[in-house]
Participant: 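Here it is: the structure, laid out below.
We use all heavy atoms of the structure for the numbers below, so side chains are in, but hydrogens, waters and symmetry mates are not. For this chain, numbers begin at 1 and follow the sequence in order.
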Amino acid sequence: MKAKKLIDGKEFEMQPQINILVHWLGRFLVWLFGWTITSAPFPGDKFVLVGAPHTSNMDFLFLLATSWVLRLKLHWIGKHTLFRPPIGWLSKCLGGIPVDRRASHGAVDQIANQIKNTEEFILVIAPSGTRKQTDFWKSGFYWIASKAEVPIVCTALDYAKKLVDVGMSIWPSGDVLADMNAIRAFYEGIQGRFPHKQATIRLREELAQ
């Protein structure tokens with residue numbers, strides 16, 4: 001499977017960001033667990049990839065394997081202390097981005113600026129922020145995409161079907177309620193590994209609208 005992108009409504013193959021050996025490792029992992037991957041064309045070379053529902057540590061493995069199959073390099077946000085020796089090199093190799101929460105400017109601005117200043121950048125975020133059931137998603141994914149002026153690509157981890165669906169893309173419009181309604185529709189009926197831990201798909205910002 002090759003990743004594709006959309007340019008002016010036409011499909012184009014994306015340049016591989018992962019070497020062929022890692023690609024085949026991803027295919028082996030997907031086969032080993034009996035999963036399937038489906039993917040719509042991506043809306044460019046830079047976007048925020050939302051991974052949900054997030055109820056298990058296995059979610060990261062399946063997202064990582066999916067990115068290897070599609071030959072995409074994912075980036076994820078981590079506390080700056082995770083990048084110190086002796087494990088710092090591994091965090092960076094796996095696409096981690098250190099964020100210093102003590103900085104005067106917030107993590108959203110730090111990451112948005114990094115995306116803006118990079119030609120190719122795919123940031124993966126689990127917006128629930130935890131594997132436990134919560135009443136809200138964290139809104140960082142939305143505001144990072146908005147400030148970086150990139151789309152959001154929704155990815156569903158459906159354990160009932162053993163399917164990773166890299167699907168709908170949406171450009172943040174500023175109308176949080178309308179955008180989240182579209183995102184909720186995409187994830188309707190998707191079952192995480194532990195359904196009772198699935199977070200409610202809504203942002204606190206919606207309450208103000």
Participant: Evaluate the side-chain proximity of Lys162 to Thr36: yes if any heavy-atom separation is below 4.5 Å, no if none is.
Facilitator: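 No. Closest side-chain heavy atoms not under 4.5 Å.
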Participant: Looking only at heavy atoms, which two atoms of Ala52 and Trp137 are closest? And how far apart?
Facilitator: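 Minimum heavy-atom separation between Ala52 and Trp137: CB-CZ2, 3.7 Å.
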Participant: Can you run down the side-chain hydrogen bond (donor to acceptor under 3.5 Å, both in side chains) pairs that involve residues 117-127, sequence neighbours left out, and say none if there aren't any?
Facilitator: Gln17-Glu120
Participant: So which heavy atom on Leu177 is nearest to which on Arg184, and how close?
Facilitator: CD1-NH2, 3.9 Å
Participant: Using 0.5 Å steps for rounding, measure from the OG atom of Ser67 to the CG atom of Leu49.
Facilitator: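 Answer rounded to 0.5 Å: 9.0 Å.
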Participant: Please list, chain by chain and in numerical order, all residues satisfying side-chain hydrogen bond (donor to acceptor under 3.5 Å, both in side chains) with Thr134, sequence neighbours excluded.
Facilitator: none
Participant: Consider only side-chain heavy atoms of I, L, V, M, F, W and Y, link residues closer than 4.5 Å, and tell whether Ile18 and Leu21 are in one cluster.
Facilitator: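 Ile18 and Leu21: separate clusters.
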Participant: Show me the side-chain donor-acceptor pairs of residues 140-155 shorter than 3.5 Å, one per line, residues at least two apart or across chains.
Facilitator:
from	atom 1	to	atom 2	distance (Å)
Tyr142	OH	Gly174	N	3.1
Tyr142	OH	Asp179	OD2	2.5
Trp143	NE1	Ser139	OG	3.4
Trp143	NE1	Glu205	OE2	3.0
Lys147	NZ	Asp109	OD1	2.9

Participant: Sequence neighbours excluded, which residues qualify as salt bridge (Lys or Arg N to Asp or Glu O under 4.0 Å) partners of Lys4?
Facilitator: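 Scan of Lys4 (salt bridge (Lys or Arg N to Asp or Glu O under 4.0 Å), adjacent residues dropped) gives Glu11.
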Participant: Only counting residues at least two apart or in another chain, list the ones meeting side-chain hydrogen bond (donor to acceptor under 3.5 Å, both in side chains) with Lys116.
Facilitator: none
Participant: Under 4.5 Å between side-chain heavy atoms, hopping through other hydrophobics if needed: is there a path connecting Val22 to Val69?
Facilitator: yes
Participant: Which residues satisfy the salt bridge (Lys or Arg N to Asp or Glu O under 4.0 Å) test with Lys5, sequence neighbours excluded?
Facilitator: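 Lys5 satisfies salt bridge (Lys or Arg N to Asp or Glu O under 4.0 Å) with Asp45 only.
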Participant: Could you tell me which residues satisfy ring pair (Phe, Tyr, Trp, His ring centres under 6.0 Å) with Phe121, sequence neighbours excluded, listed by chain and number?
Facilitator: His75
Participant: Any chain of hydrophobic side-chain contacts (each under 4.5 Å) joining Trp68 to Phe33?
Facilitator: yes
Participant: Could you measure the distance from the CG atom of Leu74 to the CD1 atom of Ile122? Nearest 0.5 Å is fine.
Facilitator: 6.0 Å
Participant: Is it the case that atom CH2 in Trp31 sees more than 12 heavy atoms from other parts of the structure closer than 6.0 Å?
Facilitator: no
Participant: Can you name the residues that form a ring pair (Phe, Tyr, Trp, His ring centres under 6.0 Å) with Phe186, not counting sequence neighbours?
Facilitator: none
Participant: Quick one: do Val48 and Met168 end up in the same hydrophobic cluster if we chain Ile, Leu, Val, Met, Phe, Trp and Tyr together by side-chain heavy atoms under 4.5 Å apart?
Facilitator: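 Yes; Met168 is reachable from Val48 via cluster members.
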Participant: Do any side-chain atoms of residues 54-64 form donor-acceptor pairs under 3.5 angstrom with protein atoms, and if so which ones, sequence neighbours left out?
Facilitator:
from	atom 1	to	atom 2	distance (Å)
His54	ND1	Asp59	OD2	2.9
Thr55	OG1	Arg193	N	3.2
Thr55	OG1	Phe194	N	3.1
Ser56	OG	Met58	N	3.0
Ser56	OG	Arg193	NH1	3.1
Asn57	OD1	Arg131	NH1	3.0
Asp59	OD1	Tyr159	OH	2.5
Asp59	OD2	Thr55	N	2.8
Asp59	OD2	Ser56	N	3.1

Participant: Please report the interatomic distance NZ(Lys138) to CG(Leu203), rounded to the nearest 0.5 Å.
Facilitator: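 Lys138 atom NZ to Leu203 atom CG measures 11.5 Å (nearest 0.5 Å).
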Participant: Under the rule for ring pair (Phe, Tyr, Trp, His ring centres under 6.0 Å), what residues qualify as partners of Trp24, not counting sequence neighbours?
Facilitator: none
Participant: Is any side-chain heavy atom of Phe42 closer than 4.5 Å to one of Val166?
Facilitator: yes
Participant: Nearest 0.5 Å, what's the OH-CG distance between Tyr187 and Leu157?
Facilitator: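 Result: 7.5 Å between the selected atoms.
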Participant: Mind checking salt bridge (Lys or Arg N to Asp or Glu O under 4.0 Å) for Arg27 and listing every partner two or more places apart, or none if nothing turns up?
Facilitator: none
Participant: Where is the tightest heavy-atom contact between Ala3 and Leu72, given as atom of each residue plus distance?
Facilitator: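 Between these two residues, the closest heavy atoms are CB-CD2, 3.8 Å.
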Participant: Give every donor-acceptor pair under 3.5 Å between a side-chain atom in residues 195-202 and any protein atom, sequence neighbours left out.
Facilitator:
from	atom 1	to	atom 2	distance (Å)
Gln198	OE1	Gly192	N	2.5
Gln198	NE2	Ile190	O	3.4
Arg202	NE	Asp135	O	2.9

Participant: What are the two closest non-hydrogen atoms of Asp158 and Gly189, and how far apart are they?
Facilitator: OD2-O, 4.3 Å
Participant: Which pair of non-hydrogen atoms, one from Val164 and one from Trp35, has the smallest distance, and what is that distance?
Facilitator: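 In this case the closest contact between Val164 and Trp35 is CG2-CE3, 3.6 Å.
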Participant: What is the minimum heavy-atom distance between Ser39 and Leu70, and which atoms define it?
Facilitator: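 That would be OG-CD1, 4.0 Å.
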